[in-house]
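Everything numeric here is computed off the predicted structure, so don't read it as measured data. Both ligands and their constituent atoms are indexed starting at 1 by order of listing.
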Amino acid sequence: MKIDIISVVPGLLESPFAHSIMKRAKDKGILEVNVYNLRDYTTYPRAQVDDYQFGGGAGMVMMIEPLVNAIESLQKNTSYDEVIFLTPDGETFNQKTANTLSLKNNLLLICGHYKGIDQRVRDHFITKEISIGDYVLSGGEIAAAVIVDSVGRLIPGVLNNETSALTDSFQDNLLSPPVYTRPEEFRGWKVPEILLSGNHVKIEQWREEQSLLRTKERRPDMLDEID
Ligand code: 6GU
C-alpha cells in the first residue's frame, strides 16, 4: 500500500513511521509513506498557502490553488482509492474504517490547518473526510499519523503471530482481556491461577469472560453494536 500525505508541516511526520511496526512494514516493502510539502505547490510569493476568509471572521483558510496543484500533480502518477481530508468535522475514525482502508492500494491524506481548507476543494476532490475524535488538534498531521499507524498494521504481512491483530481490542467489538507476564508473583500480587494451568480451553473461556466483563464495565455502548 502507498499512502501519500500533503502537509504544511511535513517535519511533524518524519518520526512517527520510522520505528517499530511501521518501520518494519516500510522495510518489508509492504507500506510506502511519502510526505509532500504543500508550499512546494504554491505559485504565490513567499510560499503562501493560506489567506483571509471571504465574509470576514477570525482564522486563515488554506487556498484552493496550492491544494489542487498538489493533488493533481500527485494524481498524475497515482490513482488513489480515496482522497481523505483530515478534519474535526469528518466522520469519526474507528477500527471498522481502519479495516476497510487497510484493503486499499493507494491513499492520499490531506492535513488541514488554520480554519480549514477552501470548501471547493472538499466539494470537488475529497472522497472521504475523517476526524479522529471529538477534540480539536492544531493540524491534521497527528491525525494522519494515527490513521497510517492503525491502517498500516492491518495490511496483510505487517504483523506476525506475536503481534496479530485478530486479538486486538475493538476487532470483535470487545475490549481485550487482562494480560500478565513474568514473574508469577510480585509483592504478593499473583497472576490468575487459570493462566498457569496449561488448560487452553479453560484459558480461552476465561479470556472471553474477562473481555465481556471489561467491555460491560468500560464500554457498554460497544455491546449494543454486536450483531
Ligand atoms: Cl483529523 N484534524 C484536526 N485538526 N483536529 C482533529 C482531527 C483532525 N480529528 C480530531 N480532531
Side-chain angles (χ1 to χ4, degrees), residues 1-18 21-22 31-42 47-55 57-68 70-71 74-75 80-104 106-155 168-170 218-219 221-222 225:
M1 177 189 292
K2 180 167 81 166
I3 304 181
D4 289 340
I5 306 175
I6 297 173
S7 163
V8 282
V9 200
L12 268 177
L13 292 165
E14 273 165 24
S15 143
F17 315 124
I21 289 172
M22 290 303 103
L31 174 65
E32 177 186 340
V33 183
N34 307 298
V35 183
Y36 296 91
N37 189 342
L38 183 64
R39 294 188 198 280
D40 294 340
Y41 295 89
T42 186
Q48 184 182 353
V49 292
D50 61 326
D51 207 343
Y52 297 101
Q53 51 181 313
F54 282 126
M60 307 292 272
V61 174
M62 288 165 73
M63 304 164 94
I64 190 167
E65 296 112 312
L67 281 165
V68 170
I71 294 169
L74 293 172
Q75 279 176 331
Y80 295 104
D81 299 292
E82 299 281 5
V83 179
I84 300 171
F85 177 45
L86 300 167
T87 176
D89 60 2
E91 184 187 314
T92 310
F93 190 63
N94 58 22
Q95 194 65 28
K96 185 160 173 265
T97 309
N99 286 334
T100 305
L101 292 179
S102 74
L103 303 173
K104 308 288 186 189
N106 299 304
L107 301 176
L108 178 57
L109 306 186
I110 297 171
C111 303
H113 261 265
Y114 319 110
K115 271 287 153 199
I117 64 177
D118 191 297
Q119 180 60 39
R120 290 167 291 185
V121 178
R122 299 170 74 161
D123 294 342
H124 299 287
F125 290 89
I126 301 297
T127 63
K128 196 173 185 63
E129 302 192 327
I130 294 180
S131 157
I132 62 162
D134 291 345
Y135 41 80
V136 175
L137 303 168
S138 38
E141 283 75 13
I142 307 288
V146 166
I147 289 166
V148 171
D149 187 296
S150 62
V151 169
R153 62 195 293 284
L154 295 173
I155 305 169
D168 283 347
S169 280
F170 302 109
R218 300 178 179 207
R219 291 294 305 276
D221 58 296
M222 284 169 66
E225 289 165 31

Q: Carefully, step by step, assess Gln48 and Asp50 under the rule side-chain hydrogen bond (donor to acceptor under 3.5 Å, both in side chains).
A: CA-CA 6 Å; Gln48 184 182 353; Asp50 61 326; 5.2 Å; no
**Q.** Smallest separation among heavy atoms of Ile6 and Ala70, with atom names
**A.** CD1-CB, 3.7 Å
**Q.** Side chain, backbone, both or neither: the part of Ala143 lying under 4.0 Å from ligand 1 by heavy atom
**A.** side chain
Q: Please indicate whether any nitrogen or oxygen in Val136 is less than 3.5 Å from any nitrogen or oxygen in ligand 1.
A: no
Q) Should Arg122 and Asp89 count as an ion pair when the cut-off is N to O under 4.0 Å? A) yes
Q: Taking atom types as modelled, find out whether Glu129 and Thr87 have a side-chain donor-acceptor pair closer than 3.5 angstrom.
A: no
Q) So which of Asn37, Asn34, Leu38, Ile5 actually passes side-chain contact (heavy atoms from CB on, under 4.5 Å) with Pro10? A) Asn37
Q) When you measure from atom 11 (N) of ligand 1 to every protein heavy atom, which one gives the shortest distance, and what is it? A) Tyr135 O, 2.5 Å
Q. Hey, does Ile130 come in under 3.5 Å of ligand 1, counting only N/O atoms on both sides?
A. no
(Q) To check your reading of the model: name the closest protein heavy atom to atom 5 (N) of ligand 1, its residue, and the distance in Å. (A) Leu137 N, 3.0 Å
Q. Who's the nearest protein heavy-atom neighbour of atom 9 (N) of ligand 1, and how far?
A. Ile132 N, 2.9 Å
**Q.** Whether Gly133 lies under 4.0 Å from ligand 1, heavy atom
**A.** yes
